[in-house]
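The next block holds one structure in the form of structure tokens; read it before the comments.
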Protein chains: 2
Amino acid sequence: MSVPQRTAKSILEIAAEVLVRDATASLAQVAAAAGIGRTTLHKRYPTRQHLLVAVAEESLDILDRAVTEAIGDDPGESLRDLVDALVPLGPRLEFLLRQPSLDAEPELQARWVQVDRPLTEFMGRVAEAGLLRPGVAPWWAVSSLYAVAYTAWEGVALGKLAPLDAAGLAYGTLMGGIGR
Amino acid sequence: MSVPQRTAKSILEIAAEVLVRDATASLAQVAAAAGIGRTTLHKRYPTRQHLLVAVAEESLDILDRAVTEAIGDDPGESLRDLVDALVPLGPRLEFLLRQPSLDAEPELQARWVQVDRPLTEFMGRVAEAGLLRPGVAPWWAVSSLYAVAYTAWEGVALGKLAPLDAAGLAYGTLMGGIGR
DNA sequence: ACCGTTGTGAACATGAGTGTTCCGCAGCGA
DNA sequence: TCGCTGCGGAACACTCATGTTCACAACGGT
């Protein structure tokens, strides 16, 4: 009982938080934030790069799960569920997009393509259901979904947007744009 | 005449290219790409951070100019001009967004807010002209503009989108969303 | 021809993060 | 009580980009 909470948050979760707040944080900072020694951190993740990749993989797992769960039978409803699911994943997306060392990991890029595949196929079905404007390719719909979800989360993080309004605004903008 | 092209591209331009391609590129790589010695690079930009800030400032200059020139009297037309102007700035936006060391420079953040001010005011006018959906705040319109422009440029960079189609798709998505 | 400017390569010093080793300590089950 | 295990802390060596100094070469103006 010396430790207040026994691994309430996993090391990877804390590492993700720290590295999103400061992408150049040293391993000492990560270890300190996790309440463990730097040596222990090295034992689990031999290299800084190993740690970064592990965080990235976990992030992709979370993303994958969220996407899989959100996609259902009804295209329209699923779209709304997707937005709801993706907005809170902002920090993970930020980590994946902003951590420079990840560019050197082809496996991660491949993995992301893998995650995007069901999403793109889903958008194809949405298009076939006549719910997409002509000229909007499935991949573009996916990219727009990411963009609007991430932007909404950013708005929340900057205090410009109420958390409860974020997903709604994102969904409205995705489907109807900003104009009328 | 020893040098083929006398500063055809400025050092900052080349640095921007190299650092977008590889955010962790060393100064030696930047100097080599610019065709100058590392020592010379150090004379102009004493520190790596100085160089990064200089590239960022130049990027903000470019962004500022593009925004200022695009904003005209007619709100609708200006919106289209804005998208046209922002899409090609993708690499500069990527640099500003992905270079981690820039987070530690409050002046740059302040400068960006400065650049965004006329943009936000413009979106306010667009809203007053009745061109924005209710519930779309000016700052959200600005964020969406950035997001869609950057996403379109990314599509071009990945070879998914024809350069000539990018701005049109971005504008259409911004104003009308992906749905119908 | 002289001199200031500018760039260059080589060499060096530095510092920070990283990765490793080693030893002590606490917990825990047998 | 005895091991076993995992963790922590201290210390170490190492790597690498960085920043600095210096002497030399090319250039241009006077």
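Please read all numbers here as calculations on a predicted model, not as lab measurements.
Taking atom CG of residue A/L41 and atom C1' of nucleotide C/dT18, one finds them 12 Å apart after rounding to whole Å. Between the CG atom of A/L51 and the C1' atom of C/dG19 there is a distance of 14 Å, given to the nearest Å. Across the protein-nucleic acid pair, A/H42 atom NE2 and C/dG17 atom P stand 12 Å apart, rounded to whole Å. Rounded to whole Å, the distance from CD on A/Q49 to C1' on C/dG17 is 14 Å. As rounded to whole Å, 15 Å separates atom C1' of D/dC16 from atom CZ of A/R48. In this structure, B/Y45 places its OH atom 22 Å from P of D/dA17, rounding to the nearest Å. The CG atom of B/D22 sits 11 Å away from the P atom of D/dA17 (whole-angstrom rounding).
Contact between the side-chain N/O atoms of A/R44 and the OP1/OP2 oxygens of D/dG6 is not found at any separation under 4.0 Å.
Around CD of A/E77, the count of heavy atoms belonging to other residues, nucleotides or ligands within 6.0 Å does not exceed 12. Few gaps surround CG on A/D74; more than 12 heavy atoms of other groups in view lie less than 6.0 Å from it.
Remark: the B/Y171 side chain and the B/D84 side chain contain no N/O donor-acceptor pair separated by less than 3.5 Å. Judged purely by distance below 3.5 Å, without hydrogens or angles, the side chains of B/Q99 and B/E94 never pair a donor atom with an acceptor atom.
For residues 25-38 of chain B, proximity to DNA chain D is found at B/S26, B/L27, B/R38, defined as any non-hydrogen atom under 4.0 angstrom from a strand atom. Applying a 4.0 Å cut-off to non-hydrogen atoms, none of the residues of residues 52-59 of chain B approaches DNA chain C.
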Listed pairs under 3.5 Å, donor-acceptor, residues 123-142 of chain A side chains, sequence neighbours left out:
residue	atom	partner	partner atom	Å
A/R133	NH1	B/G172	O	3.2
A/R133	NH1	B/G177	O	2.3
A/W140	NE1	A/S144	OG	3.4
A/W140	NE1	B/T173	OG1	2.7

Contacts table for residues 151-161 of chain B: side-chain donor-acceptor under 3.5 angstrom, sequence neighbours left out:
residue	atom	partner	partner atom	Å
B/T151	OG1	B/A147	O	2.6

Which protein N or O atoms sit under 3.5 Å from an N or O of nucleotides 21-23 of chain D?
none

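Pairs of residues two or more places apart, or lying in two chains, that qualify as side chain to side chain donor-acceptor pair (under 3.5 Å) and include a residue from residues 56-71 of chain B are B/E58-B/R92, B/S59-B/R92, B/D61-B/R111, B/D64-B/T68.
When side chains are defined from C-beta on, A/L51 counts as touching A/L12, because their heavy atoms get closer than 4.5 Å. In this structure, A/Y45 and A/L52 have side chains that are not in contact, with every pair of non-hydrogen atoms separated by 4.5 Å or more.
A/D103 and B/R98 are joined by a salt bridge, as a carboxylate oxygen and a charged side-chain nitrogen come within less than 4.0 angstrom of each other.
Closest of all the heavy-atom pairs between A/L119 and A/Y146 is CD2-OH, 3.8 Å.
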